[in-house]
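Have a look at the structure below, then the notes.
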2 protein chains.
Amino acid sequence: MRTKHEIGTRERIVQATSRLMQRQGCEATGLKQISQEAHATLGSVYHFFPGGKTELTIAAIAYGDREFSEFLRAALERVDDPAEAITACADRLAEELRDSGWLDGCPVTTTALESAGRVPDIQRAAEQAFANWRGLVDDKLRRSGFPEDVARDLAHTVINTLEGAEMSAQVSQSETPLHLAGRHLARLVNSYR
Amino acid sequence: MRTKHEIGTRERIVQATSRLMQRQGCEATGLKQISQEAHATLGSVYHFFPGGKTELTIAAIAYGDREFSEFLRAALERVDDPAEAITACADRLAEELRDSGWLDGCPVTTTALESAGRVPDIQRAAEQAFANWRGLVDDKLRRSGFPEDVARDLAHTVINTLEGAEMSAQVSQSETPLHLAGRHLARLVNSYR
DNA sequence: TAGCGAGTAGAGCGTTCGTTCTAGTAGGGT
DNA sequence: ACCCTACTAGAACGAACGCTCTACTCGCTA
């Protein structure tokens, strides 16, 4: 069935892997569960990902990377002022996290932490994702007139604070950490004007 | 051997669990590996923790909580100015993380994320740990003259930013995220004077 | 219409998981 | 000297793990 490209088996597998690992991490996600969720068979999984779970995990992280990059780019473009845009971004994250029943946190963090120092390929994929997101914030700040070095440093803390706040919000099932992160980051950014 | 309290089997088990889960998360840590690392037997593990892995995980989180609370309290007491104290704290975290070969990140985060929304008891234990750490920062800020509400809000972001930066530093194997977090947090705190 | 190859299907490999179970050892109180 | 309790020891359970394997379906090209 080479031409039956209704949805794409490979894409379905990657998508299911990303969502499952986002919710329960890499280690707790079995290939059997993935194949069921994706309406595919174990044979198909190994057909598309002969490298096994590691290769599949890397593809899932890359998928989450693209997904969040899209979200971040849209959120940053919607508002002109960079500080306000970051606050709006944090609020949107809080809203989406709450609407998912506090289940859908960062699609990369959990897997990244589980693999840090143990599976270099996965660690590198996660590092690349974070770098991409940082780049989007960096761009926004530079186009708003911030000096190169200030923008680069701020981009680090903006992404890392959002990551930490998202994690905290998920664990405490509260929007407060993300709302505070947005307000404080805006104040920090504005202090460099 | 009730009186043979040389080191304490129970304590050794909890300590080993905490360190293993800090490095590879809860799901990737088996009870067999724990008992070997702790120089105990599986029987002993179930003797002290009849609730199984869940009860043991909660104890390990509480242990990590106490451990980091001690670190945080000492770091905050060493320097009088709260902003400088937070910067010093971030730098110390970076140093210790590097010295561990980028292996020893936050002893709670990975397990917390793996269990969020799936194992309520573990999630609550992690939430309590974060609340305790926040309380220490809150205290420091209030005793330095910050208003109640400002201190409470800042404490949230200080802990969450440190958490995010520690995660980022571990994944990218670089001290930069933590150093930047320390500098930016100091600037943010000082902006409220 | 024959055959090639992409993709599906699922049984089964060895291993490890969390957990349970039964025995056995060793101090302290009486 | 006695037993009781605290603790250790490790075999064994069913289930699930990641992964391999062979057989099969079926659209496309020649």
Side-chain angles (χ1 to χ4, degrees), chain A residues 1-18 20-21 23-61 110-111 114-115 118-122 125, chain B residues 1-21 23-61 110-111 114-115 118-123 125:
Chain A
M1 303 185 182
R2 186 169 12 171
T3 49
K4 193 239 266 177
H5 282 153
E6 315 154 5
I7 322 170
T9 303
R10 195 197 141 99
E11 193 69 6
R12 279 204 322 276
I13 292 173
V14 173
Q15 215 169 311
T17 306
S18 178
L20 284 171
M21 289 189 177
R23 299 196 170 200
Q24 52 193 18
C26 172
E27 297 292 341
T29 301
L31 292 181
K32 237 146 199 164
Q33 188 184 10
I34 289 173
S35 64
Q36 285 169 4
E37 193 85 6
H39 300 290
T41 64
L42 214 46
S44 301
V45 173
Y46 277 95
H47 170 76
F48 289 111
F49 303 94
K53 201 184 187 185
T54 300
E55 185 184 346
L56 181 51
T57 303
I58 292 171
I61 286 188
T110 311
T111 302
E114 285 176 320
S115 311
R118 300 196 307 139
V119 194
D121 289 345
I122 297 178
Chain B
M1 304 185 185
R2 186 168 10 170
T3 49
K4 191 239 265 174
H5 281 153
E6 316 154 4
I7 322 168
T9 303
R10 195 197 142 97
E11 191 70 7
R12 280 202 324 272
I13 293 173
V14 173
Q15 214 170 313
T17 305
S18 178
R19 191 171 52 243
L20 284 171
M21 289 190 177
R23 300 197 169 199
Q24 53 193 17
C26 172
E27 297 291 340
T29 301
L31 291 182
K32 235 147 199 162
Q33 188 184 10
I34 289 172
S35 64
Q36 286 169 4
E37 192 86 8
H39 299 292
T41 65
L42 218 42
S44 300
V45 172
Y46 276 94
H47 170 76
F48 288 109
F49 302 94
K53 201 185 188 186
T54 300
E55 185 183 347
L56 181 51
T57 303
I58 292 172
I61 287 188
T110 311
T111 302
E114 284 175 321
S115 310
R118 300 196 307 136
V119 194
D121 290 345
I122 297 177
Q123 181 171 346

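By convention in this document, chain letters (A, B, ...) are assigned in the order of the sequence lines, proteins followed by strands, and residues within each chain are numbered from 1.
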Report each atom pair, protein N/O against N/O of nucleotides 18-20 of chain C, whose distance is under 3.5 angstrom.
residue	atom	partner	partner atom	Å
C/dG18	OP1	B/T29	O	3.4
C/dG18	OP1	B/K53	NZ	2.8
C/dG18	OP2	B/L31	N	2.9
C/dT19	OP2	B/Y46	OH	2.9
C/dT19	OP2	B/K53	N	2.9
C/dT19	O5'	B/Y46	OH	3.2

Spacing between [X] atom [atom1] and [N] atom [atom2], to the nearest angstrom:
X: A/I34; N: D/dC17; atom1: CD1; atom2: C1'; value: 12 Å
X: A/I13; N: C/dT8; atom1: CD1; atom2: C1'; value: 11 Å
X: B/Q36; N: D/dG10; atom1: CD; atom2: C1'; value: 13 Å

Would you say a side-chain N or O of [X] is under 4.0 Å from OP1 or OP2 of [N]?
X: B/S44; N: D/dT8; value: yes
X: B/T41; N: D/dG10; value: no
X: A/T9; N: C/dG7; value: no

Look at the side chain of A/F48 and decide which nucleotide, out of D/dC7, C/dA9, C/dG7, has an atom nearest to it.
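Comparing D/dC7, C/dA9, C/dG7 against the side chain of A/F48, the answer is C/dG7.
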
Once side chain to side chain contact (heavy atoms under 4.5 Å, CB included) is applied, do any residues pair with B/T110, and if so which ones, sequence neighbours excluded?
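Result, side chain to side chain contact (heavy atoms under 4.5 Å, CB included) vs B/T110: A/L113, A/E114, B/E114.
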
Rounded distance (nearest 0.5 Å) linking atom CZ of A/R12 with atom CD1 of A/I34
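Taking CZ in A/R12 and CD1 in A/I34, the distance rounds to 13.5 Å.
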
Inter-residue atom distance B/Y46.OH - B/E55.CD, 0.5 Å rounding:
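The CD atom of B/E55 is 10.5 Å from OH of B/Y46, to the nearest 0.5 Å.
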
Between B/V14 and B/A59, which heavy-atom pair has the shortest distance, and what is it?
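Heavy atoms of B/V14 and B/A59 come nearest at CG1-O, 3.7 Å.
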
From the options B/R19, B/K53, B/Q24, select the one residue that forms a side-chain hydrogen bond (donor to acceptor under 3.5 Å, both in side chains) with B/T29.
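So, applying the side-chain hydrogen bond (donor to acceptor under 3.5 Å, both in side chains) to B/T29 and each of B/R19, B/K53, B/Q24, only B/Q24 qualifies.
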
